[in-house]
There are 4 protein chains.
Amino acid sequence: MASPEPLARKARGRPRKAGAEERIFDAALEEYGERGWAGFTMDAVARRAGVGKSTVYLRWQDKDSLLTAAVGARSGVIEDVDTGSFRGDLEGLAGNLFRYLLDPIGWATLRISVDAAGAPEPLGRFTDAVTELHHSGASVIFARGAARGDLGPDVRKDALADCLYGAVIMQTLGLSGDSRRLSDEDIAERVRVLVDFVLCGAG
Amino acid sequence: MASPEPLARKARGRPRKAGAEERIFDAALEEYGERGWAGFTMDAVARRAGVGKSTVYLRWQDKDSLLTAAVGARSGVIEDVDTGSFRGDLEGLAGNLFRYLLDPIGWATLRISVDAAGAPEPLGRFTDAVTELHHSGASVIFARGAARGDLGPDVRKDALADCLYGAVIMQTLGLSGDSRRLSDEDIAERVRVLVDFVLCGAG
Amino acid sequence: MASPEPLARKARGRPRKAGAEERIFDAALEEYGERGWAGFTMDAVARRAGVGKSTVYLRWQDKDSLLTAAVGARSGVIEDVDTGSFRGDLEGLAGNLFRYLLDPIGWATLRISVDAAGAPEPLGRFTDAVTELHHSGASVIFARGAARGDLGPDVRKDALADCLYGAVIMQTLGLSGDSRRLSDEDIAERVRVLVDFVLCGAG
Amino acid sequence: MASPEPLARKARGRPRKAGAEERIFDAALEEYGERGWAGFTMDAVARRAGVGKSTVYLRWQDKDSLLTAAVGARSGVIEDVDTGSFRGDLEGLAGNLFRYLLDPIGWATLRISVDAAGAPEPLGRFTDAVTELHHSGASVIFARGAARGDLGPDVRKDALADCLYGAVIMQTLGLSGDSRRLSDEDIAERVRVLVDFVLCGAG
DNA sequence: AATTAATCGAGACGGTACGTCGGGTCTTATG
DNA sequence: CATAAGACCCGACGTACCGTCTCGATTAATT
């Protein structure tokens, strides 16, 4: 999500082990995927990463921080595709968002955002980061659409983005367990209906 | 959400303490509100409710169940209002949803749904219950709209509901900490834009 | 060493498990005997006693306290025997002290006393308890000796006790590992020489 | 205790830092004095000595070795004084032993011996070293006494030494905390009684 | 002068134990 | 019977220390 790696290295002691960060992230996300938050254990993460617990705690202060960082580091971007038409672009984006949210890591990102938004003190700037993540995909498409003339100047872009993203969230929220394994055709169908709707409205 | 209290109580022994259920719910939600999920403990709930742990476990089998029940019992319903027009009804509903999600308990409902949807084994039937909760409000409005003739027969009602609810979620997701204190005017303005959009679309 | 068990039991909750204290002491002393202080682990003690760690920590605040208590509870008394003569009594007492100190638990008592005497803040009243333990055996013998007329009135009893006990400590201090397995004859011989000396002196 | 410094140093690399050994010993004994064995930490010793941990581990293989070496290096010798009479020599020796054991470092020597004697595998040859230390002082006095004719040929020298040393240990064992600050007069008085006793016995 | 080799400080490493805390169960005495 | 109190077993938490290791920087003796 961001490059935490600073520039210069002046460190005096033994340098931090090279691949540790990556291996710990992998281990954390595997554990999280297999056991969920309740069964997510620092000991297990350290063991699976082949690393001492102190190595983990040297980098992240607690369980929350580690999972947040892991999810932040690994959660993909919702990529936009240039299909040549505004409608096509929207369908592509919504489809990618669907796939993103049906993946445990992507869903975890949402879960953490929801936690963060409700928490007394903001959990890092996680919410902002996720918001940014969501809007960056859409804005590219809007720019392209405007350039092509597919998109009227008075369209409420924010509303469109909120509706499209939100509707996908609503639909994935209604799926749990095995029903979350949607085929590409299912996704395409759902996306088509949604994009239809946001383009035409209920009028 | 549902009537948890069973039917008759012919019990032979000491009757269940009168206000216990309520006091435990209150305690649970206060604890949850103050400390979040991570700091939410059964011990603290029992202590705050002035109740033994066994009394709690006699009624709910575990932490999840208690929190789910508490949230279910206390989370208001997203009420619909009959304003006389379909557009007015939608604005009323969306406004209520806004207020619901900006309240800690309402937000907790969402948080739990998100957890439940992603969990390996479904967390009770919480997901279904929430889905039901969301759709019941909308369906009343649709029925009224259809009766009034405000609503064409070929409108994708599900898409409309998903977009409207989803967009509200997206917007509240972008608010954290103090920015979650929205005035009624703010809400009304956001709602107006949203309803405008879902009624007309981007076409 | 002392009866820690209070008088009445008014306790309201679940009563403390019956044999736990005993089993924990046994486990602690076995672990201590097998692995020494360095290898003495609370986890291992709890496991060996078939008890949760919290059960241990509910009773003793830390490792030191547990070992101290265990040693205090189990370390036998240096018994005195009535042989009919003052010399015989002294030999019996010194022999028992020898056996006591050659036993791992008895030696641990000494080890802890030494720690306690040197510690910044006194380790409980362990030092006093041990002092008391040592003097009680001797005083009985002195009383008996005086009654029999074996013991002149101007004898420095404290000096005698210190010399006898101290000499036995010095001798066991010089033994380590396998050489600590002394036969009864060895002990008797050493004791005879010692008692001879304290009765006659170097004059 | 012994000269740890080897003979010639032709070493090719960077020579060992000059005062390091001394500063580490000081730091070790201060830490040990302040916190006792339980709170005695290699990290703290290194920090206090202003030295890297590797510098410590380059010289001693582990915590035991360091403390043993430090105590061995710093613990004074129980010096004997030639007072002209056997009795006077004994009193001088016992007084010095008293002072030695009331000093934290001297007492640590005893503590380590006690640990060593009870340990499964002997802690270095510490026990032997201490035994040697104790007997060397006495043997000089005995030799002098024999030369002067103060000392009969049939006296059990070992018993005498064991009693004298042992009695002093017993007395210091009974003192903890502030009561360990004995004035020279107190010591002289105690010593007089003890020497009286070992010279005349209880007969 | 360049090379070599030992040591230094700092501090991260994999482990392991600490003492704490919470979950969910169980056992008592008291309603 | 239900309750409150609270001890039970279990296992994870986050911390601290052990003894090892890997750095870059010194510091001589040897080339």
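We name chains A, B, ... by the order of the sequence lines, and we start the count at 1 in each one.
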**Message:** Reading DNA chain F from 5' onward, which residue's closest nucleotide shows up sooner: A:S54 or A:A44?
**Reply:** A:A44

**Distance in angstrom units between D:Q61 CD and F:dG19 P, rounded** = 9 Å

**Prompt:** Just to confirm, is there a sub-4.0 Å distance from OP1 or OP2 of F:dC21 to any side-chain nitrogen or oxygen of A:K17?
**Reply:** no

**Message:** Can you tell whether the side chains of B:E34 and B:R48 come within less than 4.0 Å, N to carboxylate O?
**Reply:** yes

**Euclidean distance, atom CG of residue D:D64 to atom P of F:dC17 [Å, nearest integer]** = 17 Å

**Item:** Salt bridge B:R74-B:E22, side-chain N to carboxylate O under 4.0 Å
**Value:** yes

**Prompt:** Just how far, in rounded Å, is C1' of E:dG15 from OH of A:Y57?
**Reply:** 15 Å

**Complete:** By nearest-nucleotide position on DNA chain E, the 5'-leaning member of D:G50 and B:D43 is D:G50

**Prompt:** C:L67 CG to E:dA17 P: how many Å, rounded?
**Reply:** 17 Å

**Closest approach of A:V114 to B:W107 (non-hydrogen atoms, all atoms of both residues)** = O-NE1, 2.9 Å

**Message:** Counting only side-chain nitrogens and oxygens, does D:T55 get under 4.0 Å of the OP1 or OP2 atom of E:dT7?
**Reply:** no

**Per D:T41 side chain, nearest of listed nucleotides F:dC18, E:dG19, F:dT3** = F:dC18

**Request:** Starting at atom CZ of B:R23, determine the distance to atom C1' of F:dT3, rounded to an integer number of angstrom.
**Result:** 12 Å

**Prompt:** For the base of F:dG19, is there a side-chain donor-acceptor partner from D:K53 under 3.5 Å away?
**Reply:** yes

**Message:** Between B:F25 and B:W60, is the ring centroid distance below 6.0 Å?
**Reply:** yes

**Separation of atom CG in B:L58 from atom P in F:dA5, rounded to whole Å** = 15 Å

**Message:** Which heavy atom of A:L66 sits nearest to which heavy atom of A:V45, and what is that distance?
**Reply:** CD2-CG1, 4.0 Å

Write out a two-atom table: protein N or O, nucleotide N or O from nucleotides 24-27 of chain F, distance below 3.5 Å.
unit_1: F:dT26; atom_1: O2; unit_2: D:R14; atom_2: NH1; d: 3.2

**Prompt:** Can you check whether D:K17 reaches D:T55 side chain to side chain, under 4.5 Å on heavy atoms?
**Reply:** no

**Asked** Contact class for C:R47 (heavy atom, under 4.0 Å): base, sugar-phosphate, or nothing?
**Response** nothing

**Prompt:** Is C:R47 salt-bridged to C:E31, cutoff N-O under 4.0 Å?
**Reply:** no

**Prompt:** How long is the line joining NZ of A:K63 and P of F:dG14, in whole Å?
**Reply:** 7 Å

**Complete:** Taken to the nearest whole Å, CH2/A:W60 to P/F:dC13 is 15 Å

**Request:** Determine: side-chain N/O of D:R59 to OP1/OP2 of E:dC8, distance under 4.0 Å, yes or no.
**Result:** yes

**Prompt:** Quick one: on DNA chain E, does C:M42 or D:V51 contact a more 5' nucleotide (nearest heavy atom)?
**Reply:** D:V51

